[in-house]
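First up is the structure itself, then whatever we jot down about it.
Everything quoted here is computed from the prediction, not taken from an experiment. Here, residue 1 is the first one in the sequence, and each next residue gets the next number.
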Amino acid sequence: MSTDDATPQGTDTTREPADKAELMRRVEEKTEEVREASATDDAPAPAKKATRKAAAKKAPAKKAAADAPAKKTTARKAPATTAVAAEAPAGDQTSITDDGAQTAPAARTTAKRAAKKAAPAEAGEAPAKRAPRKATKKVTAAPVIAPAPIAEPGDPSGPSAPQPEPPSPDPAEPSTPQAPEGGEQGGTGGSSPAQTASEPGEAATTTADLATSEVADLPPAPDEAPEPAAAGLVEALPQGEVPVSTSVPAEATPPAREVSQEELAAVVDGWSFDPHGVLGAHRLPEGWAVRTLRPDAEAVAVIDQDGNRHEARQVFRGGVYEARLPQQPGDYRIEVVYPDGQGGTDTFTVDDPYRWLPTLGQLDQHLIREGRHEKLWTVLGAHVIGYDTPGGRVDGVSFAVWAPNARGVKVTGDFDYWQARAYPMRSLGSSGVWEIFVPGAQVGTRYRFHVLGADGQWQVKSDPMAFATEVPPANASVVTTSTHEWNDAEWLAQRAEAKWHEQPMSVYEVHAASWRQGLSYREMADELVAYVKDAGFTHLEFMPLAEHPFGGSWGYQVTSYYAPTSRFGSPDDLRYLIDAAHQAGIGVIVDWVPAHFPKDEWALARFDGTPLYEHADPKRGEQPDWGTYVFDFGRPEVRNFLVANALFWAQEFHIDGIRVDAVASMLYLDYSRNDGEWTPNQYGGRENLDAVAFLQEMNATLYREVPGIISIAEESTAWPGVTRPTYLGGLGFGFKWNMGWMHDSLGYMANEPVYRSYHHGQLTFSMVYAYSENYVLPISHDEVVYGKGSMLGKMPGDRWQQLANLRAYLGYMWAHPGKQLLFMGSEFGQLSEWAESRSLDWWHLDDPAHRGVLELVTDLNTVYRDSEALWSQDVDPAGFQWIDANDAGGNTLTFLRVGKGGQLLACVANFSGQPHAQYRIGLPRGGRWREVINTDFEGYGGSGVGNLGGIDAVAQSWHGQPWSATLTAPPLGTVWFVHEGPEPERPDEGTPADQAEIAAAEASGAAEGPGSGLEPIER
């Protein structure tokens, strides 16, 4: 329902700006109405146990602001009593000005000193004035904020200031505070637990009584936080746009009241659901009050919009100050005096974070609750925003975090010297989001959240939606914003039109930290991109780039899903790298890990004191193989977190594809579990139906929102329909790793040639299922670690034979149906096994034999891109035809690849240790077949056995084909032939003379002797 629909009949709906006089008139009228109503009320009934339903009632209201068009909104209704009614949060007050950009220097003080300043000796008496310091400095250039004063910035990796005791979890205490005798709990429902009167019938303690009051902590708030008034007051405003006034007009303001000491205690101790309902500017029965939280301040004053100065007095421990004003303060500021640690003081004019509307609108909150906010990163996390106000520009950072079961959340960081005392956040109710806007916080600011969990324990947590982090092992989140200007529009336009199933894809897999150690993202943009381009690969695939604490995990245990690892530079540096790759014509794929996450206590694990991101059942929520937690894929908000993350990488970093890690572990409830260690699904099966639904949603969303994107599944089982569209019941991936082909073919190659004839089926079996999915042929990092040896080390024989085997295998792989993926180092035959702690063995390239392997891979990629027969029908059975799959004795495979345009390519792979001379193969066309690849070419380090540049097919049936040709298959070599034609007219095969002529012609050709005749390919 729109706000227009919510406006009751008779309400003024004009959008003309209201001047100050008009606003004051409305305030006075409303105040008088409340007084008259209070005067005629009967004596209140005895107190009853308060409920949150009373606080959640809503009444239509209209929002108006001085010097700004009036806007219609919905505000919550509050009773006319002043005993415990919660005020509208400071979010109801809407504008501030920019007071500078420097953090206030401060002097370190103790909590003991702050406590002594909390209460004057007598009730209603202002705090005693301190003796003047030696010197007082007036800071005219206002700082970004007014932090808790200490002598020097704190260490975010060290302990924070002592945490207040959480509310008592004693179940014997009431979970909801009792309303005092003679009143009822009311208000907007946004404050933390309301006050409790000490005696039945005793009046509530208010700020007017706090000078002599002792504060007692209240029992914990109920599990479900109330919806704060400000969250429902207005929609979040666009960046840079705010109403002019900081005060809510009379129509939208709850009846005037004082606040209780329990509400103040909840704010100071960090377990208030709505600190904005206590702090900021609020109506009183007589005038207005501005309350601010300034720990360790010497003195505080409020400067209203007209420039009038109003002294504030400390009304509660922890630095709660209050100033009484005769009228609405408008666009006010806070003047704060801090000790400078040298016997003097510093004075700062700062903005108040507790007078801003929520930065999340109603639609955002609804979508979060539904788990359908596809751009979740635009509303959660830390965002640099700015507003224009009557007093000037205000810049700062909004912080928002999802912690639905938390009892309280505070944000701390460089802006308060890691004291965690000054910035409690407000709950936005049933969305589970906690939010605050901190004026003056800047790009580069480090921060964390202090979360009072449902278990009553305080935890220090990094932001799950952080967009940047400190360099590990440090783990604070970092405020960042992008200034990168993309120059890849042409690439993105071409990508959107590409059909990758019918395009060449040759992928180079890289571990960024060990390709060449010490390179930054920007250095990789020069060196890595140039290397990949020269080698002819079409795509670059990075092992996970999301932030992870332990480098030895290779990035597969992620703690910050929205932050690229800071080990190699800033997020914009990564954008620069991807942009450079696109401009070089290279796509970028990143590994993505939604299957599990580590148990680090400062990260996602038990984030709000409960299993939040992870499944609560250990049989579903823990992965025994890796000692990690498993996401709760059935929870809408968790699914939203992951789906939005995939979109985040595609839209914010322009990546061209994701390779989803460990899909099998997600799909099966019994993955790596013994009997009794897993629970079946609702139908008694072992399929994880929640994970299936998540993967379908992720793929459908990704392909819908990002034209030309690729999703690839690392799925090692026979799960059906991994690459089938979701509307046909499949998982919706674009491609799947062909793990069966990889294991079988490497198992075959590990045998000595003399034994390979007994394992011939390991090479031919892949074609039985080659078209059941859309496959990528992976020679990945998994095959060159954990004692498996390098690709070269897997090959039998002496060094020459190992290199020849590797070259023959690569030639066979590039000709096999499917896209290619090769892990770094294999392209030049690195001998040692890969280790993430050191660079590749680049010295191998000084050896001509190893450089020859790189030259071969380069030529394979070049011919591959130029030969549509190898990719245009990759996922269509019409693109492949066996010539001879049965020559087990000769350890030889021969087959055809067929392009959509009619191009034909014949592949002959001889995995025996001897050359095959006069080896006849059947061909579908006569004429010239040019030799385009010969892995035994001398330039690659081979023996040079070949076919003098090509073969001629004659009209002799063979292998069921109308034409045939004899050739020489080199030892441990693979040869490619492309038909060039023209196809000669087929002679009559019926006469012996014709057959003799054909035989003579073939003998003449064979007499020319072996020799590759292969010229180096122009690249």
Side-chain angles (χ1 to χ4, degrees), residues 17-20 23 63-69 71 90-105 137-147 234 236-249 276 279-281 288 290 292-294 297 300-310 312 323 325 327-338 346-359 382-399 415-416 422-423 436-445 479 481 483:
D19 58 19
K20 185 174 181 181
L23 284 176
K63 175 183 172 298
D67 305 324
K71 296 184 180 179
D92 293 347
Q93 297 132 17
T94 56
S95 74
I96 58 175
T97 64
D98 182 10
D99 285 313
Q102 298 297 321
T103 303
K137 292 174 283 186
K138 184 75 171 181
V139 180
T140 56
V144 289
I145 43 173
V234 295
L237 296 167
Q239 180 170 336
E241 180 182 332
V242 291
V244 175
S245 173
T246 61
S247 299
V248 177
H276 293 68
L279 304 175
W288 289 74
V290 174
T292 184
L293 180 59
R294 298 291 163 181
V300 176
V302 174
I303 311 298
D304 66 21
Q305 184 170 337
D306 295 331
N308 300 315
R309 190 172 184 275
H310 306 272
L325 291 76
Q327 62 185 17
Q328 187 186 48
D331 189 20
Y332 70 89
R333 298 294 182 273
I334 306 295
E335 183 181 276
V336 193
V337 178
Y338 287 117
D346 290 325
T347 301
F348 304 96
T349 302
V350 299
D351 197 12
D352 185 359
Y354 292 96
R355 63 190 187 101
W356 289 91
L357 289 169
T359 52
H383 296 274
V384 178
I385 55 178
Y387 301 110
D388 293 318
T389 72
R393 178 77 175 175
V394 175
D395 293 302
V397 176
S398 66
F399 298 94
F415 45 81
D416 70 344
Y423 296 102
I436 192 173
F437 171 68
V438 178
Q442 302 172 348
V443 171
T445 296
V479 176
T481 188
T483 59

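By the 4.5 Å heavy-atom criterion applied to side chains, Gln442 and Asp395 are not counted as neighbours. At a threshold of 4.5 Å between non-hydrogen side-chain atoms, the residues Ile385 and Thr359 count as touching.
Closest of all the heavy-atom pairs between Val302 and Ala323 is CG2-CB, 3.6 Å. Residues Ala422 and Asp416 approach most closely at N-OD2, 4.4 Å, considering heavy atoms. For Val438 against Pro353, the heavy-atom pair with the smallest separation is CA-CB, 4.5 Å. In terms of heavy atoms, Trp356 sits closest to His276 at O-CD2, 4.1 Å. Closest of all the heavy-atom pairs between Val336 and Ala297 is CG1-CB, 3.6 Å. Heavy atoms only, all atoms of each residue included: Pro439 and Phe437 are closest at CD-O, 3.3 Å.
Here NE2 of His310 is found 7.0 Å from CD of Gln327. Values are rounded to the nearest 0.5 Å. Expressed to the nearest 0.5 Å, how far OG1 of Thr292 lies from CD1 of Ile334 amounts to 4.5 Å.
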**Report entry** Derivation of the side-chain contact (heavy atoms from CB on, under 4.5 Å) call for Tyr423 and Phe399
**Finding:** CA-CA 11 Å; Tyr423 296 102; Phe399 298 94; over 6 Å; no

Requested in this report: Please step through side-chain contact (heavy atoms from CB on, under 4.5 Å) for the pair Asp304 and Leu325, ending with a clear verdict.
Outcome: CA-CA 9 Å; Asp304 66 21; Leu325 291 76; 4.3 Å; yes

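Partner of Glu335 under the side-chain contact (heavy atoms from CB on, under 4.5 Å) criterion, chosen from Val300, Thr347, Val350: Thr347.
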